Amino acid sequence: MPRAGLSAERIIGEAAELADEVGFEQVTISALARRFGVRVASLYSHLDSSHALRTGIALLALEELTDRAAAALAGRAGRDALVAFAEVYRDYARQHPGRYAASRYRLDPETAAASAGVRHARLLRAVLRGYEITGDEQTHAVRLLGSVFHGYVSLELEGGFSHSSPDSARSWARIVEVLDGLLRNWPEAPRPDAIRPDASQRGS
């Protein structure tokens, strides 16, 4: 029988807290059982696997991050929207490093399609519409921003910018400013016949 007072929601919430303390990869059913002072079997009454636990943390993180982004973007467009989105992204990663790592956890297609990640992607595309970037070019821009944001905050969380000047906050602000300039002057797409195939597409 499930232990009184425990629920999947409560367990996942506590798991998210633990992830921020010790790292997402260190969160296990056993570690949570010790935290709750119960047997492992008591938690398996609510979550059937470590994958289900990790998925739950990922979904919680995506929901929190998306809600923050939606609130920050309300009434903003163009540069203001880009800055707001970027700040939410970085702040969430710094405040909740374990949950941020969880937000990158690979979900199965059905779960991903029903997650807040879809709404998060739409918010970023809404930011780009303020720069009049559409179609495939918008997808390229989404991937660029995602790569820059994730790459920077990941390196920052690992201490990669802590031993040199200027400080990482100034670099972050400058990078976002440069991205704004790039988006406002997004280059035209090359003609299909002007794109050279990569090595994997060339014949031997």
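No experiment lies behind these values; they were computed from the predicted model shown.
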Practice item. Look up atom OG1 in Thr28 and atom CZ in Arg35, then write down how far apart they are to the nearest 0.5 Å. Key: 11.5 Å
Practice item. Quick one: sort the Phe149 and Tyr89 rings into parallel, tilted or perpendicular, breaks at 30° and 60°. Key: tilted
Review point. Is there a donor in the side chain of Tyr100 and an acceptor in the side chain of Asp20, or the other way round, less than 3.5 Å apart?
Key: no
Check your understanding: Have Gln95 and Arg90 got a donor and an acceptor in their side chains that come within less than 3.5 Å?
Key -> no
Check your understanding: OG of Ser103 to NE2 of His150: how many Å apart, nearest 0.5 Å?
Key -> 8.5 Å
Review point. Given the rule in the side-chain contact (heavy atoms from CB on, under 4.5 Å) test, do His51 and Tyr105 qualify, once you have shown the distances and angles that lead to the verdict?
Key: CA-CA 10 Å; His51 174 66; Tyr105 187 63; 2.8 Å; yes
Review point. Who pairs with Glu87 by side chain to side chain donor-acceptor pair (under 3.5 Å), at least two apart in sequence or on another chain?
Key: Trp172
Review point. Are side-chain heavy atoms of Leu144 and Leu182 found at a separation under 4.5 Å?
Key: yes
**Study point:** Gap separating the CG atom of Leu128 from the CH2 atom of Trp186, nearest 0.5 angstrom
**Key:** 8.0 Å
Check your understanding: Closest heavy-atom contact between Ala84 and Ala72?
Key -> CB-O, 3.8 Å
Study note, to complete from the structure: Across all chains, not counting sequence neighbours, the side chain to side chain contact (heavy atoms under 4.5 Å, CB included) partners of Val118 are Arg122
Point to revise | Heavy-atom closest contact (Ser7 atom, His46 atom, distance) | key: CA-ND1, 3.8 Å
**Study point:** Shortest non-hydrogen separation from Ala52 to Ser49 and the atoms involved
**Key:** N-OG, 3.0 Å
**Study point:** In one Ile/Leu/Val/Met/Phe/Trp/Tyr side-chain cluster, 4.5 Å: Val27, Leu157
**Key:** no
Exercise for review: For residues Leu123 and Val127, determine if any side-chain heavy atom of one lies less than 4.5 Å from a side-chain heavy atom of the other.
Suggested key: no
Review point. When rounded to the nearest 0.5 angstrom, what distance separates CD1 in Ile175 from OH in Tyr152?
Key: 5.0 Å
Practice item. Answer whether the closest heavy-atom distance between the side chains of Tyr131 and Gln138 falls below 4.5 Å. Key: no
**Study point:** side chain to side chain donor-acceptor pair (under 3.5 Å) partners for Thr134, two or more places apart
**Key:** none
Check your understanding: Under a 4.5 Å cut-off applied to non-hydrogen side-chain atoms, are Arg125 and Thr139 in contact?
Key -> yes
Point to revise | Hphob cluster co-occupancy, Val22 + Ile12, side-chain heavy atoms under 4.5 angstrom | key: yes
Review point. When hydrophobic residues are tied together by side-chain contacts of less than 4.5 Å, even through go-betweens, does Phe24 share a cluster with Val153?
Key: no
Review point. Donor-acceptor pair, Asp180 side chain versus Val176 backbone, under 3.5 Å?
Key: no
Report, one line per pair, each donor and acceptor closer than 3.5 Å where one atom sits in a side chain of residues 57-66; sequence neighbours left out.
| from | atom 1 | to | atom 2 | distance (Å) |
| --- | --- | --- | --- | --- |
| Glu63 | OE2 | Arg119 | NH2 | 3.4 |
| Glu64 | OE1 | Tyr92 | OH | 2.6 |
| Glu64 | OE1 | Arg99 | NH1 | 3.1 |
| Glu64 | OE2 | Arg99 | NH1 | 2.8 |
| Thr66 | OG1 | Leu62 | O | 2.7 |
| Thr66 | OG1 | Ala116 | O | 3.2 |

Exercise for review: Can you tell me which residue pairs pass the side chain to side chain donor-acceptor pair (under 3.5 Å) test with a partner in residues 161-170, sequence neighbours excluded?
Suggested key: Glu156-Ser168
Exercise for review: Sort and list the pairs that fulfil salt bridge (charged side-chain N to carboxylate O under 4.0 Å, His left out) and have at least one residue in residues 127-151, not counting sequence neighbours.
Suggested key: none
Practice item. Output the distance between atom CG (Leu6) and atom CD (Glu14), rounded to the nearest 0.5 Å. Key: 10.0 Å
Practice item. Rounded to the nearest 0.5 Å, what's the gap from CG on Leu47 to CG on Leu32? Could you check? Key: 8.5 Å
Practice item. Determine, using the 4.5 Å side-chain heavy-atom cutoff (strictly less than), whether Val178 and Phe85 are members of one ILVMFWY cluster. Key: no
**Study point:** Flag side-chain contact, heavy atom, 4.5 Å: Ile11 against Phe36
**Key:** yes
Practice item. Assess whether atom CZ of Arg104 is packed by more than 12 heavy atoms of other residues, nucleotides or ligands within 6.0 Å. Key: yes
